Participant: 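Take a look at the following structure, please.
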Amino acid sequence: MKGKLILVIGPSGSGKSVLLAYLRTALPDIVFPVSYTTRLPRPGERDGVTYHFISEEEFQTHVAQGEFLEWANYGGNHYGTLQSQILPQLARGKVIVREMEVQGAHQVQKELPPEQLAIIFINAGSWEESQRRIRTRAPISDGELMARRRHYEDEMGFMQKASRVIENPDGRIEKAKEEFLKAVRELSLQ
Ligand code: 5GP
């Protein structure tokens, strides 16, 4: 039996983390790999739970050893998923769900056969809405906010490549959770 990797893509502030937290409680059989990043933890984020928070040097060691299935630079920080977190689980027939930015998603598309990959896009509307959510979540420098703005267009361009699009504008989160859950269930079976 072949497993499936479902990537959750969407601009910063689109609500990916909230939807994933909901999925974790609703579908406990799914594998949620914890990625590696060089960015600093936000208030409330825990090492080994939200991410493995590592130094730039540690990150580059993983890169040099060819251990990442994919990795990317986003807003001046590095993010990556190890092959060892994904490939053995796929071989076991597991469904894996991971949020990711678009450069990483392009790399995964090259590595995995199309039948083992699905993409769910989270669309929260305009940059103005996303920006407001980002600012509410945690303090952020103007530089980092501008970097997230630059990625916004690229990410929105990815929407047309998605297997499913979940609309998540303000005030629709309960409906979005339901649709997200349904999409993951259906894509797991395909
Ligand atoms: P944040 O700093 O807001 O947690 O994440 C920034 C961006 O990196 C988001 O678009 C998020 O989905 C993406 N991201 C999170 N984990 C990974 C990963 O393992 N690989 C890649 N390529 N992107 C990731």
Side-chain angles (χ1 to χ4, degrees), residues 1-21 23-24 27 29-39 48-54 56 58-124 147-148 150-166 168 180-181 183-190:
M1 186 187 161
K2 290 232 167 136
K4 184 162 265 184
L5 173 61
I6 301 176
L7 297 182
V8 181
I9 313 273
S12 184
S14 58
K16 288 169 292 188
S17 307
V18 174
L19 292 172
L20 282 164
L23 193 66
R24 246 188 216 104
L27 297 181
D29 285 348
I30 287 185
V31 176
F32 294 97
V34 178
S35 291
Y36 289 73
T37 185
T38 60
R39 91 152 157 72
V49 179
T50 324
Y51 286 105
H52 297 287
F53 293 97
I54 60 173
E56 183 60 34
E58 287 171 285
F59 197 96
Q60 291 307 330
T61 302
H62 289 303
V63 172
Q65 291 176 349
E67 290 167 356
F68 283 120
L69 175 67
E70 63 73 35
W71 63 273
N73 186 321
Y74 181 100
N77 298 305
H78 284 116
Y79 298 79
T81 329
L82 298 180
Q83 289 172 20
S84 61
Q85 296 180 290
I86 306 287
L87 303 182
Q89 302 282 13
L90 280 181
R92 271 182 223 127
K94 293 280 190 185
V95 175
I96 307 162
V97 177
R98 177 66 223 170
E99 70 159 290
M100 199 169 278
E101 53 66 65
V102 295
Q103 306 160 69
H106 282 299
Q107 292 166 47
V108 175
Q109 280 180 318
K110 287 191 196 126
E111 296 295 325
L112 296 185
E115 67 275 13
Q116 287 203 284
L117 183 63
I119 291 166
I120 300 181
F121 190 89
I122 313 298
N123 180 23
R148 279 163 196 259
R150 282 195 293 277
H151 287 287
Y152 176 81
E153 299 297 335
D154 277 356
E155 273 147 358
M156 291 304 277
F158 210 85
M159 185 160 27
Q160 68 205 36
K161 296 186 189 160
S163 326
R164 302 290 163 92
V165 176
I166 306 296
N168 188 29
F180 185 56
L181 183 61
V184 170
R185 278 207 177 106
E186 287 172 3
L187 292 167
S188 307
L189 298 172
Q190 278 171 16

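Residues: numbered from 1 along the sequence shown. All values reported here derive from a predicted model rather than from experimental measurement.
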Participant: Please tell me if the side chains of Ile122 and Phe180 come closer than 4.5 Å, counting only heavy atoms from C-beta onward.
Facilitator: yes

Participant: Determine the minimum heavy-atom distance between Gly75 and Ala147, stating which atoms define it.
Facilitator: CA-CB, 3.6 Å

Participant: Hey, does the Lys NZ or Arg CZ of Arg24 hover above the aromatic six-ring of Phe32, less than 6.0 Å from the centre and inside 45° of the axis?
Facilitator: yes

Participant: Indicate yes or no for a side-chain donor-acceptor contact from Lys16 to the backbone of Gly10 under 3.5 Å, with no hydrogens or angles considered.
Facilitator: yes

Participant: Kindly compute the distance separating CD (Gln85) from CG (Leu5), expressed to the nearest 0.5 Å.
Facilitator: 11.0 Å

Participant: How many angstroms lie between atom CG of Leu27 and atom OG of Ser188, to the nearest 0.5 angstrom?
Facilitator: 7.0 Å

Participant: Show the nearest heavy-atom pair for residues Lys4 and Ala118, with the distance to one decimal.
Facilitator: CD-CB, 4.3 Å

Participant: Could you walk me through whether Val95 and Asp29 pass the side chain to side chain contact (heavy atoms under 4.5 Å, CB included) test, one step at a time?
Facilitator: CA-CA 8 Å; Val95 175; Asp29 285 348; over 6 Å; no

Participant: Do Val108 and Glu111 touch side chain to side chain, with heavy atoms closer than 4.5 Å?
Facilitator: no

Participant: Do Phe121 and Met156 come close enough that some side-chain heavy atom pair is under 4.5 Å?
Facilitator: yes

Participant: Parallel, tilted or perpendicular, judged at 30° and 60°: which one describes the rings of Tyr36 and Phe68?
Facilitator: perpendicular

Participant: As an exercise, state the distance from CD of Gln190 to CD of Glu115, rounded to the nearest 0.5 Å.
Facilitator: 12.5 Å

Participant: When rounded to the nearest 0.5 angstrom, what distance separates CD in Gln89 from CD1 in Ile30?
Facilitator: 12.0 Å

Participant: Report the C-alpha distance between Ser17 and Glu99 in whole Å, list the side-chain angles of each, state the deciding distance to 0.1 Å, and finish with yes or no for side chain to side chain contact (heavy atoms under 4.5 Å, CB included).
Facilitator: CA-CA 8 Å; Ser17 307; Glu99 70 159 290; 3.4 Å; yes

Participant: Could you pull out all residues at least two apart from Glu67 that satisfy salt bridge (Lys or Arg N to Asp or Glu O under 4.0 Å)?
Facilitator: none

Participant: Kindly determine whether Gln60 and Glu56 satisfy side-chain hydrogen bond (donor to acceptor under 3.5 Å, both in side chains), including the steps that lead there.
Facilitator: CA-CA 6 Å; Gln60 291 307 330; Glu56 183 60 34; 2.7 Å; yes

Participant: Just verifying a value: how many Å separate Ser35 OG and Arg98 CZ, rounded to the nearest 0.5 Å?
Facilitator: 3.0 Å

Participant: Are Gln103 and Trp71 close enough that some pair of their side-chain heavy atoms sits under 4.5 Å apart?
Facilitator: no

Participant: Are any non-hydrogen side-chain atoms of His62 and Ile54 less than 4.5 angstrom apart?
Facilitator: yes

Participant: Grab the two heavy atoms, one from Asn168 and one from Ser14, that are nearest each other, plus how far apart they are.
Facilitator: ND2-O, 2.9 Å

Participant: Would you say that Leu117 contacts Leu7 through its side chain, given a criterion of any heavy-atom pair below 4.5 Å between the two side chains?
Facilitator: yes

Participant: For Thr38, enumerate each residue passing the side chain to side chain donor-acceptor pair (under 3.5 Å) test, keeping only those at least two apart in sequence or located in another chain.
Facilitator: none

Participant: Please test Arg185 against Leu181 for side chain to side chain contact (heavy atoms under 4.5 Å, CB included), starting from the C-alpha separation and ending with a verdict.
Facilitator: CA-CA 6 Å; Arg185 278 207 177 106; Leu181 183 61; 3.8 Å; yes

Participant: Could you tell me whether the side chain of Glu70 and the main chain of Thr81 form a donor-acceptor pair under 3.5 Å?
Facilitator: yes

Participant: For residues Leu112 and Leu90, determine if any side-chain heavy atom of one lies less than 4.5 Å from a side-chain heavy atom of the other.
Facilitator: yes

Participant: Tell me which one of Met100, Gln109, Arg164 satisfies side-chain contact (heavy atoms from CB on, under 4.5 Å) with Ile119.
Facilitator: Gln109

Participant: If every non-hydrogen atom of Ser163 is compared with every non-hydrogen atom of Leu187, which pair is closest and at what distance?
Facilitator: CB-CD2, 4.0 Å

Participant: Kindly compute the distance separating CG (Leu19) from CD1 (Ile120), expressed to the nearest 0.5 Å.
Facilitator: 9.5 Å

Participant: Answer with yes or no after comparing the ring centroid distance for His106 and Phe158 against a 6.0 Å cut-off, counting only values under it.
Facilitator: yes

Participant: Side chains of Tyr79 and Glu101: closer than 4.5 Å at any heavy-atom pair?
Facilitator: no

